[in-house]
Colleague: 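Shown below is the structure under consideration.
Chain letters run A, B, ... following the sequence lines, proteins first and then strands; every chain starts at 1.
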2 protein chains.
Amino acid sequence: MPKRVDHEERRRQIAEALWRIAAARGLDGASLRDVAAEAGISLGQLQHYFTSKDDMIVFALGHIEHLAQQRIRARIEALPGAPTPRVVLRETLAEMLPLDEASRTGYLVQVSYFVRAVNDERLRTHAQEGIAALRAFFADQLKAAVAQGEVAAERDPDREAALLIALTDGLSAAVLMEYDSAQGALALIDLHLARLFSGPGSA
Amino acid sequence: MPKRVDHEERRRQIAEALWRIAAARGLDGASLRDVAAEAGISLGQLQHYFTSKDDMIVFALGHIEHLAQQRIRARIEALPGAPTPRVVLRETLAEMLPLDEASRTGYLVQVSYFVRAVNDERLRTHAQEGIAALRAFFADQLKAAVAQGEVAAERDPDREAALLIALTDGLSAAVLMEYDSAQGALALIDLHLARLFSGPGSA
DNA sequence: ACTTTTGCAAGTCAATCGTATTGCTATACC
DNA sequence: GGTATAGCAATACGATTGACTTGCAAAAGT
């Protein structure tokens with residue numbers, strides 16, 4: 001056998017090449033030959049690592065989610081001291097917005113996935129699990145905030161979590177369409193958060 | 001010449017065939033042959049009405065927006081008496097959600113457009129104008145609500161309009177992914193509206 | 001040292017795409 | 001009633017697609 005290659009590492013490199021193409025032309029516009037060229041490898045080599053285009057897409061989806069989670073986690077851990085739930089939520093939402101080129105690309109690829117997932121049960125199930133996990137994380141943070149008195153007790157953590165995520169998703173779309181600026185979208189999120197924390201009657 | 005045909009009417013029929021395909025397989029997955037078959041015509045006939053696929057897509061985008069506006073207008077005009085700004089906003093937002101099959105298809109096509117528009121300046125400019133018009137309409141309603149004392153004066157109509165639309169866009173995505181139910185999404189919108197109308201200190 | 005197997009390149013394949021071309025038919029117009 | 005033309009059908013074209021096949025070089029295992 002020739003030199004043993006780190007299979008997963010190669011697959012990640014190919015997945016990242018796929019993103020760059022998909023961000024510019026959509027998932028459908030990314031041919032295997034394009035992706036191979038972007039990754040600097042041959043079509044044959046790409047097919048050695050992914051049996052089909054679908055396999056490549058599914059793997060890339062998992063990888064992009066993993067990286068997004070890593071970015072969010074790193075951002076939170078970089079915060080000084082023990083961050084409050086409010087800060088954790090705020091930083092997480094900010095990381096979800098397409099602020100820089102990396103998250104912009106990530107969001108675009110996710111939208112491409114979204115279109116596929118609507119009519120693909122396997123992808124849709126996967127996406128549903130992701131949404132559930134994200135909402136649960138948000139709801140947990142909100143429950144802690146309620147316990148600490150930062151959020152009024154009459155606020156339902158599950159509903160507020162859904163509202164926060166939906167709001168950020170919608171704002172992300174507006175940013176991507178170059179209608180809102182990234183800073184403007186972040187300001188709107190902060191506005192919503194300011195009302196959520198310090199509910200009616202508290203401040 | 002043969003019988004003179006209503007050009008626009010034919011183009012609308014073809015556009016609607018395009019939606020049905022695009023809703024199921026995305027805009028890229030809708031070939032001219034598919035659309036022609038769905039419309040019950042030949043490929044040659046389709047090409048007689050649209051010079052290129054891009055022409056067809058652009059026309060269909062304009063048509064779907066027109067129909068969406070008509071649906072919203074009809075829904076509001078069907079309301080008894082003189083509706084308050086709150087009711088107008090609520091019904092408009094509800095019509096934006098993919099509640100039935102028609103609006104679900106419409107939203108899916110819009111997402112397909114969205115993916116294209118991100119990297120197509122002509123489509124993006126068109127979309128930006130649509131967003132601007134919608135936000136202006138919402139802001140106007142909110143200004144009226146502030147004037148009538150239904151919304152606290154410290155609420156900025158422009159920001160609140162942006163929040164409402166972004167929230168609904170995000171919830172629409174969740175509904176399409178079959179994560180939230182249509183009723184659940186509508187309940188969340190009502191929850192947000194209930195806080196907007198009757199701001200802190202009023203009720 | 002020889003075998004086996006991995007890594008990869010190159011070419012091929014049928015299918016499908018958007019577009020262009022050609023020609024017939026029916027009708028509106030002079 | 002001749003003729004120009006709109007409406008439409010049919011076919012062909014070159015390009016591109018994802019998938020498949022074949023072949024070979026290199027290194028790991030024995």
Colleague: 5'-most contact on DNA chain D: B:His7 or A:Ala30, nearest heavy atom basis?
Modeller: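 Nearer the 5' end of the strand: B:His7.
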Colleague: Answer whether the closest heavy-atom distance between the side chains of B:His126 and B:Tyr113 falls below 4.5 Å.
Modeller: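 Contact flag for B:His126/B:Tyr113 side chains = no.
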Colleague: In whole angstrom, what separates B:Arg33's CZ from C:dA15's P?
Modeller: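 Rounded to whole Å, this separation is 14 Å.
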Colleague: Would you say B:Arg10 reaches D:dG7's phosphate, i.e. side-chain N/O to OP1/OP2 under 4.0 Å?
Modeller: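 Answer is no, no contact under 4.0 Å.
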Colleague: Taking for each residue the nucleotide of DNA chain C bearing the nearest heavy atom, is the 5' side occupied by B:Gly44 or by A:Gly44?
Modeller: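 Nearest nucleotide further toward 5': that of A:Gly44.
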Colleague: Tell me the closest heavy-atom pair linking B:Val35 and B:Ala17, and the distance in Å.
Modeller: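 Scanning both residues completely, I find the closest heavy atoms to be O-CB, 3.8 Å.
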Colleague: Assign the ring pair B:His7 / B:His48 to parallel, tilted or perpendicular, where the plane angle (0 to 90°) is split at 30° and 60°.
Modeller: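 Tilted: the ring planes of B:His7 and B:His48 meet at 30° to 60°.
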Colleague: Between B:Glu150 and B:Arg86, does any side-chain N to carboxylate O distance fall below 4.0 Å?
Modeller: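 The answer is no: the pair does not qualify as a salt bridge.
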Colleague: If you compare every side-chain N and O of A:Ser31 against the phosphate oxygens of D:dT16 (OP1, OP2), does one of them come in below 4.0 Å?
Modeller: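 So the side-chain polar atoms of A:Ser31 never come under 4.0 Å of the phosphate oxygens OP1 or OP2 of D:dT16.
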Colleague: Specify the separation, in whole Å, of atom CG of B:Leu27 and atom C1' of C:dG18.
Modeller: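 Atom-to-atom, B:Leu27 to C:dG18, this comes out as 15 Å.
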Colleague: Ignoring backbone atoms, establish whether B:His48 has a side-chain N or O less than 4.0 Å from OP1 or OP2 of D:dG7.
Modeller: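 Yes, B:His48 has a side-chain N/O under 4.0 Å of OP1/OP2 on D:dG7.
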Colleague: Rounded to whole angstrom units, what separation is found between the CE atom of A:Met56 and the P atom of D:dT17?
Modeller: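 Value for this atom pair: 12 Å.
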Colleague: Can you tell me if the side-chain N/O atoms of A:Tyr49 get under 4.0 Å from OP1 or OP2 in C:dG7?
Modeller: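 For C:dG7, OP1/OP2 do not have a side-chain N/O of A:Tyr49 under 4.0 Å.
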Colleague: Measure from CD on B:Glu9 to P on D:dG7 and round the result to the nearest Å.
Modeller: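 These atoms are roughly 14 Å apart.
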Colleague: Return whichever of A:Asp28 or B:Leu43 has its heavy-atom-nearest nucleotide of DNA chain D closer to the 5' end.
Modeller: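 Here B:Leu43 is the residue nearer the 5' end.
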Colleague: Should the side chain of B:Gln47 and the base of D:dC8 be counted as holding a donor-acceptor pair, with the cut-off at 3.5 Å?
Modeller: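 Such a pair does not exist between side chain and base.
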Colleague: Using atom CG of A:Asp54 as one end and atom P of D:dG18 as the other, report the distance to the nearest whole Å.
Modeller: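 Atom-to-atom, A:Asp54 to D:dG18, this comes out as 11 Å.
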Colleague: Can you tell me the distance, in whole Å, between the CG atom of B:Leu46 and the P atom of C:dG18?
Modeller: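 One finds 10 Å between P of C:dG18 and CG of B:Leu46, rounded.
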Colleague: Honestly, is A:Arg11 close enough over A:Tyr49, meaning NZ or CZ under 6.0 Å from the six-membered ring centre and within 45° of the axis?
Modeller: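 Pair A:Arg11/A:Tyr49 does not count as cation-pi.
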Colleague: May I ask you to say what B:Thr51 touches in the nucleic acid, namely base, sugar-phosphate or nothing, with a heavy-atom cut-off under 4.0 Å?
Modeller: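 It contacts nothing in the nucleic acid.
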Colleague: Do the side-chain N or O atoms of B:Ser42 get closer than 4.0 angstrom to the phosphate oxygens (OP1, OP2) of D:dC8?
Modeller: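 Negative; the distance criterion is not met.
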Colleague: Of the nucleotides D:dA9, C:dT12, C:dC8, which has the atom closest to the B:Gln45 side chain?
Modeller: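 Among D:dA9, C:dT12, C:dC8, the one nearest the side chain of B:Gln45 is D:dA9.
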Colleague: For B:Asp54, check salt bridge (charged side-chain N to carboxylate O under 4.0 Å, His left out) against everything at least two apart and list the hits.
Modeller: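 B:Arg116, B:Arg122.
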Colleague: Taking the side chain of A:Ser52 as heavy atoms from C-beta outward, which of D:dA19, C:dC17, D:dT11 is closest to it?
Modeller: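 Of the candidates, D:dA19 comes closest.
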Colleague: Which part of the nucleic acid, if any, lies within reach of A:Ile41 when heavy atoms closer than 4.0 Å are counted: base, sugar-phosphate only, or nothing?
Modeller: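 Answer is nothing: A:Ile41 stays at 4.0 Å or more from every strand.
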Colleague: B:Asp6 has an atom CG; how far is it from atom P of D:dG7, in whole Å?
Modeller: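 Value for this atom pair: 10 Å.
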Colleague: Touch check for A:Leu32, heavy atoms < 4.0 angstrom, all strands: base, sugar-phosphate only, or nothing?
Modeller: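 The residue A:Leu32 makes sugar-phosphate contact but no base contact.
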